[in-house]
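Both ligands and their constituent atoms are indexed starting at 1 by order of listing.
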Amino acid sequence: MEKYVINGGNKLYGSVKIQSAKNSVLPILAATVLTDGKITVLNVPKISDVNNMVKILTRLGCKAVFKGNDLIIDSSGANSFEIPSELAHELRSSVFLLGSVISRFKMAKIAYPGGCDIGLRPVDLHLTGLKRLGVQITEKNGYILCKCDKLCGNEIMLDCPSVGATENIMLAAVKADGTTTIKNAAREPEIEDLQKFLNMIGAKIKGAGSGTIVIEGVEKLGGGEFLPIADRIEAGTFLIAAAMCGGEVQTECACAENISSLLHKLRENGCKIDINNDKIVLENHKRLISVKSIETQPYPGFPTDLQAQITALCCICGGQSIITENLFETRFKYVPELKKMGADITVINRSAFVRGIDRFKGATVIAHDLRGGAALVLAGLAAEGQSEILDISHIDRGYGAFEYKLRSLGGDIKRLSV
Ligand code: EPZ
């Protein structure tokens, strides 16, 4: 086990390069099973979710090796349709492999996927969509078993714009017979990135980013080199850190449009934000004012993956805020930890009622999930005194070189073994 030790109170200054988006890289890695062509994914973050996805690909018979920050995958030797359960439990995005493994082998076997403990996280929309493409599915003893003679294009209407279900169906449909239309599809930028990657290797997909995606099945896919979009959630996390600690921080590579809902709220808080192409600069030297309410929504609404971080910010603004989590049932597990640092928060059902305090007090707290853990780090950086953040393996799932980047901005944070 490892922990962060943070001495709070430093302002943050400088520029930080944003990694390729975790939630773009993971479905792209799953997509490599669809082709025998060699794929190079550039600027891949060194995070445990990626390492686990690489382990799964290797167990499927694919070759996946890092060359610096680039990941080279050759799936021509793929020879297994069974996703190992101990790895599936580690990683929500293991479920994306269903679509590509079924497409390749017409069979797939996976244990129910794991991932952050932020809610029920059903996969019913994934399975309903795959059934519409001709897949027979049985679920027993905690496994999902899939098989089909051939995948046939169809029209699929999603009950809710699920990111993972949209991506899984896209992957299964790329080489299906005929055309597939996904209605009420998720609109996240990572979906557009997956479309861009698949079309680069020979797929015929259009409409990603709108609510309707049309996939025309093709026979064969090739290879190529691809740079995924920058991680908008990592960028948002660093900008919120600057807002909370004060100072002036620039993020590089991230597209402001992809976090416009966050930037709008930060300006409402009183932050000065300048945008220049792929550079976003946030400056703040005063106590911010609370935004009255924040509701997480599917893209382009406020991202659920920044809910914990913005709540930590609201805790030290002047005034009161209500933060409502509309996507996941239990995404406030970090709140009791923030309360150990002096936060004044009451959670009722899906809403957190926050009354601003002057400052967090350093404390020893525990990370329970990826984004909640990141929020505790931001609180520690802004706090008076020393904090310890335990169980930071959750944070390592999605933030590469997190403490190095924060230290480069002036944050007093170090990683220690417990
Ligand atoms: C993706 O998870 C992201 N993960 C999550 O990021 C992100 O929070 C989420 O999308 C929403 O943006 C990856 O991309 C690897 P969903 P996913 O399916 O696909 C319900 C992070 O911190 N639903 O869009 O699992 C579900 O319960 C992670 O980086 C069903 O009902 O999210 C939820 O209420 C956390 N049935 C809503 O849809 C299904 O079959 C949104 O979930 C699938 C989902």
Practice task
Evaluate the side-chain contact (heavy atoms from CB on, under 4.5 Å) criterion for residues I213 and I205: first the C-alpha distance (whole Å), next the side-chain angles of each, then the deciding distance (0.1 Å), finally the verdict.
Solution key: CA-CA 7 Å; I213 300 176; I205 309 175; 3.6 Å; yes

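- Between S162 and ligand 1, at least one pair of N/O atoms sits closer than 3.5 Å.
- Atom 12 (O) of ligand 1 has its nearest heavy-atom neighbour, among V163, N23, L306, in V163.
- Near T304, with a cut-off below 4.0 Å to any heavy atom, the atoms of ligand 1 are 8 (O), 11 (C).
- Using 4.0 Å as the threshold, P122 has a heavy atom nearer than that to some atom of ligand 1.
- A donor-acceptor distance shorter than 3.5 angstrom exists from the side chain of T166 to the backbone of A186, with no hydrogens or angles considered.
- By the 4.0 Å heavy-atom criterion, A186 is excluded from the residues contacting ligand 1.
- Considering backbone and side-chain atoms alike, L370 places every N or O at 3.5 Å or more from each N or O of ligand 1.
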Handout entry: Residues V33, C62; criterion side-chain contact (heavy atoms from CB on, under 4.5 Å); working and verdict
Key = CA-CA 8 Å; V33 175; C62 311; 4.3 Å; yes

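- Backbone and side-chain nitrogen or oxygen atoms of F328 are examined, and none is located within less than 3.5 angstrom of a nitrogen or oxygen of ligand 1.
- Between the Q307 side chain and the R331 main chain, a donor and an acceptor come within less than 3.5 Å of each other.
- When all heavy atoms of L376 and I389 are compared, the pair lying nearest together is O-CD1, 3.6 Å.
- Pairing each heavy atom of L133 with each of A173, the nearest pair is CD1-N, 4.2 Å.
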Handout entry: Residues Y4, S387; criterion side-chain hydrogen bond (donor to acceptor under 3.5 Å, both in side chains); working and verdict
Key = CA-CA 8 Å; Y4 282 140; S387 299; over 6 Å; no

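- S75 places a side-chain N or O within 3.5 Å of a backbone atom of T32 that can act as its donor or acceptor partner.
- With a heavy-atom cut-off of 4.0 Å, K22 touches ligand 1 through its side chain alone.
- Among the atoms of D124, some N or O lies under 3.5 angstrom from an N or O of ligand 1.
- Contacts of R331 with ligand 1, taken as heavy-atom pairs under 4.0 Å, involve the side chain alone.
- Of all the heavy atoms of D305, the ones lying under 4.0 Å from any atom of ligand 1 belong exclusively to the side chain.
- At under 3.5 Å, not a single nitrogen or oxygen of F96, backbone or side chain, sits near a nitrogen or oxygen of ligand 1.
- In this comparison of C160, G164, G372, the heavy atom closest to atom 20 (C) of ligand 1 sits on C160.
- Checking only distances, L26 never comes within under 3.5 Å of ligand 1, N or O to N or O.
- Note that K46 lies in the cation-pi zone of F66, set by a 6.0 Å cut-off to the ring centre and a 45° limit from the axis.
- Under 4.0 angstrom from ligand 1, the non-hydrogen atoms of R371 all belong to its side chain.
- Here CG of L97 is found 5.0 Å from CD1 of I83. Values are rounded to the nearest 0.5 Å.
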